[in-house]
Amino acid sequence: MSWDGLYASAFEKVRERIGKVGKVLLAYNTNIDAVHYLKSGDLEERIRRTGIDEVLKYSEELPENIKSVPQLLGSILWSVKRGKAAELFVESCPVRFYMKRWGWNELRMGGQVGIMANLLGGVYGVPVIAHVPQLSRLQAGLFKNGPIYVPKLVDGEVKLVHPREFGGEEESCLHHIYEFPRGFRVLDFEAPRENRFIGAADDYNTTLFIRDEFREYFDEIASNAELAVVSGLQALTAENYAEPFEMIRANLEVLNERNVPVHLEFAFTPDETVRKAILDLLPKFWSVGLNEVELASIMEVMGERKLAEKLLADDPVDPVAVTEAMFKLAEKTGVKRIHFHTYGYYLALTEYRGEFVRDAILFAALAAAAKAKLGDVPSINEVVEAMDVPVNKKVESVEETLVREYGMNEGMAEVNGYQLAFIPTKIVEKPKSTVGIGDTISSSAFVGEFAIRP
Ligand code: ADP
């Protein structure tokens with residue numbers, strides 16, 4: 001069958017059966033993304049009012065975190081000058097207040113849990129239980145309608161309610177995203193490419209704060225779950241990871257005991273100590289999802305420098321290097337499923353066999369293309385609108401390599417006792433939005449796989 005034929009049949013299979021998936025537990029990070037499209041006149045005036053010299057200092061070198069307005073404006077300049085993304089924690093309350101008064105153009109659901117909750121619950125209709133560290137009215141308003149629940153303690157009992165019915169007057173975890181287009185000019189600077197600077201006014205997600213409901217009643221919460229997805233470990237540091245990791249380990253043990261398959265959505269974790277700790281925790285996961293940069297960063301802490309370099313050397317990424325890295329990771333940790341995604345293709349290495357693995361990643365690629373094409377996907381029915389996005393031709397050489405090396409046939413091969421599934425993705429030329437597209441890919445593939453398992 002052609003790739004288009006395989007795409008169409010995979011989509012129909014998942015659409016038919018996704019309604020049967022039970023509750024998916026999502027932990028731990030949910031926040032509010034306050035998106036601000038920078039205006040050059042406004043930014044320049046703010047810089048002048050604050051003091052040009054003071055601000056310029058920080059455009060040379062980023063501070064460790066943000067304690068003053070000159071540091072905020074200087075860090076934005078740092079990003080503009082280089083066309084590079086950066087994210088810093090905003091420590092000071094007066095600066096947080098300054099950012100709030102500066103305002104934003106748009107509020108969006110943020111954090112992997114928030115994004116996946118809206119996709120799985122709001123778009124696919126799969127019931128989800130979400131960990132939301134702080135539920136302010138602003139945060140609650142960003143949840144879509146649908147079977148999305150948060151645990152609420154009522155007279156010592158856990159009730160599952162929609163976030164808007166939680167009625168919590170908690171804090172807003174705001175991630176201020178200052179976006180600029182390519183060619184954006186301010187003072188003497190011009191942005192070489194579009195990008196963003198993020199100032200996180202958020203004490204909760206950044207330290208992986210875990211709510212009391214999840215600390216004290218996790219057994220009960222987990223008893224409702226059929227699947228689980230864990231994310232949000234990426235901002236931790238060597239100084240603060242120990243306490244949350246203890247809690248996560250305890251949560252995972254409960255899920256393991258109940259035989260709930262848990263997926264880890266890996267995100268780039270700059271701190272090496274934390275990355276190593278995640279690697280040590282991986283045996284408690286059933287599945288892991290990552291891209292080439294993330295896989296390379298794991299190879300590095302496993303002492304596989306050469307392989308890490310290979311993963312980042314070519315475009316498209318060398319599939320033999322990826323397969324080799326996935327083997328090493330599977331053998332070291334015992335995870336049963338590794339889902340790798342890169343621009344152009346996905347691979348899934350599984351301990352088990354079946355076309356449903358490939359079909360689930362095909363569904364995920366269609367969902368990703370629909371998101372890129374439409375921006376927001378209203379329901380699973382619109383995912384099909386991505387069918388007319390062409391299958392990526394640039395990765396034909398990748399498929400040829402896999403056929404030659406592993407005897408791949410229609411995206412399936414058996415290698416060293418594992419199954420390797422491959423698909424070329426559909427790439428949208430002018431995407432409307434790529435925010436959270438990695439989360440869309442991984443959660444659609446993981447949940448989709450369980451929907452169509454024989
Ligand atoms: P993010 O953290 O931004 O979600 P990831 O690297 O996790 O980034 O996910 C990006 C993935 O999205 C890429 O690996 C690629 O497969 C997919 N992708 C990016 N741009 C497009 C596009 N225009 N059309 C379809 N898929 C895309």
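We count ligands from 1, going down the list as the structure has it; atoms in each ligand are counted the same way.
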Atom 16 (O) of ligand 1: protein heavy atom closer than 4.0 Å? yes
Residue [X] vicinity, atoms of ligand 1 by number, heavy atom under 4.0 Å:
X	answer
Ile441	11 (C), 12 (O), 16 (O), 17 (C)
Asn291	5 (P), 6 (O), 7 (O)
Pro431	23 (N)

Heavy-atom contacts under 4.0 Å between [X] and ligand 1: side chain, backbone, both, or neither?
X	answer
Lys426	backbone
Ile437	both
Val293	neither

State whether the shortest distance between N or O atoms of [X] and N or O atoms of ligand 1 falls below 3.5 angstrom.
X	value
Tyr346	no
Thr342	yes
Ala368	no
Val428	yes

Protein heavy atom at shortest distance from [atom]:
atom	value
atom 21 (C) of ligand 1	Tyr343 CE1, 3.9 Å
atom 1 (P) of ligand 1	Gly438 N, 4.1 Å
atom 3 (O) of ligand 1	Thr434 O, 4.0 Å

Is the shortest side-chain N to carboxylate O distance from Arg453 to Glu449 below 4.0 Å? yes
For this output row, return yes or no: ring centroids of Tyr352 and Trp286 closer than 6.0 angstrom. yes
Write down the atom of [X], the atom of [Y], and the distance for their closest heavy-atom approach.
X	Y	value
Ala325	Leu295	CB-CD2, 3.7 Å
Glu294	Ala267	OE2-CA, 3.6 Å
Asn29	Ser231	OD1-OG, 2.9 Å
Gln419	Gly354	OE1-N, 2.8 Å

Strictly under 4.0 Å, does any heavy atom of Tyr345 approach an atom of ligand 1? no
On a heavy-atom basis, I'd like to know which of Glu265, His341, Lys432, Lys371 is closest to atom 7 (O) of ligand 1. His341
When Val21 is tested against each of Val128, Val447, Leu120, Ile452 for side chain to side chain contact (heavy atoms under 4.5 Å, CB included), which residue passes? Val447
So Phe363 and Tyr124, would you call those rings parallel, tilted or perpendicular, with 30° and 60° as cut-offs? tilted
Taking side chain as C-beta onward, heavy atoms only, is His162 less than 4.5 Å from Phe143? yes
Could you check Glu304 against Lys332 for salt bridge (Lys or Arg N to Asp or Glu O under 4.0 Å), going step by step and ending with a plain yes or no? CA-CA 12 Å; Glu304 300 284 347; Lys332 183 172 170 74; over 6 Å; no
